[in-house]
Amino acid sequence: MAAPMELFCWAGGWGLPSVDLDSLAVLTYARFTGAPLKVHKITNPWRSPSGTLPALQTSHGEVISVPHKIITHLRKEKYNADYDLSARQGADTLAFMSLLEEKLLPVLIHTFWVDAKNYVEVTRKWYAEAMPFPLNFFLPGRMQRQHVERLQLLCGEHRPEEEEELEKELYQEARECLTLLSQRLGSQKFFFGDAPASLDAFVFSYLALLQQAKLPSGKLQAHLRGLHNLCAYCTHILSLYFPWEGAEVPPPRQTPANPETEEEPYRRRNQILSVLAGLAAMAGYALLSGIVSIQRAPPARAPRTRALGMAEEVEEE
């Protein structure tokens, strides 16, 4: 019997099954098709087999980490949400996917990762609270730099004096994109009728993040909330395909006030020991390599500790 496919993705929050755009799209597509996945919702990307999220480990042990390639693999495994689409609908799917990536993706990146108020109060706050120590000190900042680089690839680099004008243009095009999506959806349940397709998975992932996050600076969010059919569309998918997961929040890192088990103190102890072991290993390397030398050091007994992982994975299956 073949091993089950395993999906590693970012955990949920803000009333969503995942707070990450790509993870949410893959999760939604898998739920649409009923693909039998063992899902690992984690807050430490280093625990993914590819070191990134989302990542799919196939039944043959192959690791796929690009959302479109993950969906292509699921289609090859006969889990195809677009099976019944006509050639015209397939062409419409490609056109709308290009529209999303060109007009809506840049503003989504700007909203969550570039806008200073949103980043500090919403995005960085969530990741810093959800990630295990010590990743929460530096990984959110690294992720922000990666998103800024992605935005520059999408829009090109501009001089500082052009930034304000570029931002206005991007948000105007994003509002027009949302209005077009609203007109195309109309009163239908999904974009191609009564059954969801791959386009619905991607549109939902874009819109749901905007709708659900409590953004202090929500210029595009306000426009979306005025398009009532798109808001109802997101709510419908959440209630139909994620009825138990919509209210997920990031698991707290601190010890709960009323612990139900006795494992939490040991878990905290193991985290502290893992950090101490890592610091000891780095210090040992520095001494052995000659980077640091110590003279007249008093002899010390070597601590009897066993190697532990850097951080414990927070996982929900």
Side-chain angles (χ1 to χ4, degrees), residues 4-7 9-10 12 14-39 41 54 56 58-59 64 66-105 108 177-212 224-225 227-248:
M5 293 185 289
E6 298 186 54
L7 178 65
C9 61
W10 282 103
W14 308 334
L16 296 171
S18 178
V19 301
D20 174 65
L21 179 66
D22 293 336
S23 295
L24 186 56
V26 173
L27 271 174
T28 304
Y29 182 88
R31 196 60 65 89
F32 284 169
T33 60
L37 299 178
K38 182 178 181 181
V39 179
K41 294 184 178 181
L56 178 73
T58 70
S59 55
I64 307 171
V66 179
H68 288 281
K69 292 183 178 180
I70 292 175
I71 289 176
T72 298
H73 179 80
L74 293 179
R75 286 174 176 163
K76 291 178 180 178
E77 296 293 321
K78 311 302 181 185
Y79 300 101
N80 188 353
D82 296 340
Y83 182 79
D84 294 325
L85 296 187
S86 65
R88 172 66 181 275
Q89 290 171 329
D92 287 348
T93 297
L94 293 177
F96 275 99
M97 288 297 298
S98 297
L99 185 70
L100 289 173
E101 292 182 5
E102 182 181 350
K103 305 298 183 184
L104 207 51
L105 179 57
L108 234 66
C177 178
L178 289 180
T179 301
L180 182 59
L181 288 172
S182 175
Q183 293 171 350
R184 177 63 178 80
L185 178 65
S187 59
Q188 299 179 110
K189 291 182 179 179
F190 302 101
F191 276 87
F192 297 117
D194 293 331
S198 61
L199 177 61
D200 294 285
F202 284 95
V203 172
F204 168 74
S205 64
Y206 280 76
L207 302 186
L209 284 172
L210 268 179
Q211 178 179 321
Q212 294 293 114
L224 172 62
R225 289 177 174 173
L227 301 171
H228 301 295
N229 64 332
L230 290 183
C231 293
Y233 167 82
C234 292
T235 302
H236 172 68
I237 291 177
L238 267 178
S239 61
L240 188 61
Y241 292 96
F242 303 100
W244 298 284
E245 300 176 73
E248 290 181 358

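Along the sequence shown, residues carry numbers from 1.
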(message) Which heavy atom of Cys234 sits nearest to which heavy atom of Ala208, and what is that distance?
(response) SG-N, 3.9 Å
(message) When you compare the side chain of Tyr206 with that of Glu101, does any pair of heavy atoms fall below 4.5 Å?
(response) yes
(request) Go through Leu180 and Lys103 one step at a time and tell me if the side-chain contact (heavy atoms from CB on, under 4.5 Å) criterion holds. (result) CA-CA 11 Å; Leu180 182 59; Lys103 305 298 183 184; over 6 Å; no
(request) Say whether, by atom type as modelled, one donor and one acceptor occur between the side chain of Asp82 and the main chain of Ser198 under 3.5 angstrom. (result) yes
(message) Determine whether a donor-acceptor pair (N or O, by modelled atom type, separation under 3.5 Å) exists between the side chain of Tyr241 and the backbone of Thr28.
(response) no
(message) Please report the interatomic distance OH(Tyr29) to OH(Tyr79), rounded to the nearest 0.5 Å.
(response) 11.5 Å
(request) Give the C-alpha distance, both sets of side-chain angles, the deciding distance and a yes or no for side-chain contact (heavy atoms from CB on, under 4.5 Å) between Val26 and Cys9. (result) CA-CA 9 Å; Val26 173; Cys9 61; over 6 Å; no
(message) Using modelled atom types and a 3.5 Å cut-off, is there a donor and acceptor pairing between side-chain atoms of Ser182 and backbone atoms of Leu178?
(response) no
(message) So does Leu199 get a backbone contact from the side chain of Thr93, meaning a donor-acceptor N/O pair under 3.5 Å?
(response) no
(request) Any chance you could measure Leu74, atom CG, to Leu37, atom CG, to the nearest 0.5 Å? (result) 6.0 Å
(message) When you measure from the side chain of Asp200 to the backbone of Phe191, do you find a donor-acceptor pair of N or O atoms at a distance under 3.5 Å?
(response) yes
(message) To the closest 0.5 Å, what do you measure between OH (Tyr233) and CG (Leu207)?
(response) 7.0 Å
(request) State, with a plain yes or no, whether a side-chain heavy atom of Leu24 is found less than 4.5 Å away from one of Phe204. (result) yes
(request) Go through Leu230 and Gln211 one step at a time and tell me if the side-chain contact (heavy atoms from CB on, under 4.5 Å) criterion holds. (result) CA-CA 10 Å; Leu230 290 183; Gln211 178 179 321; over 6 Å; no
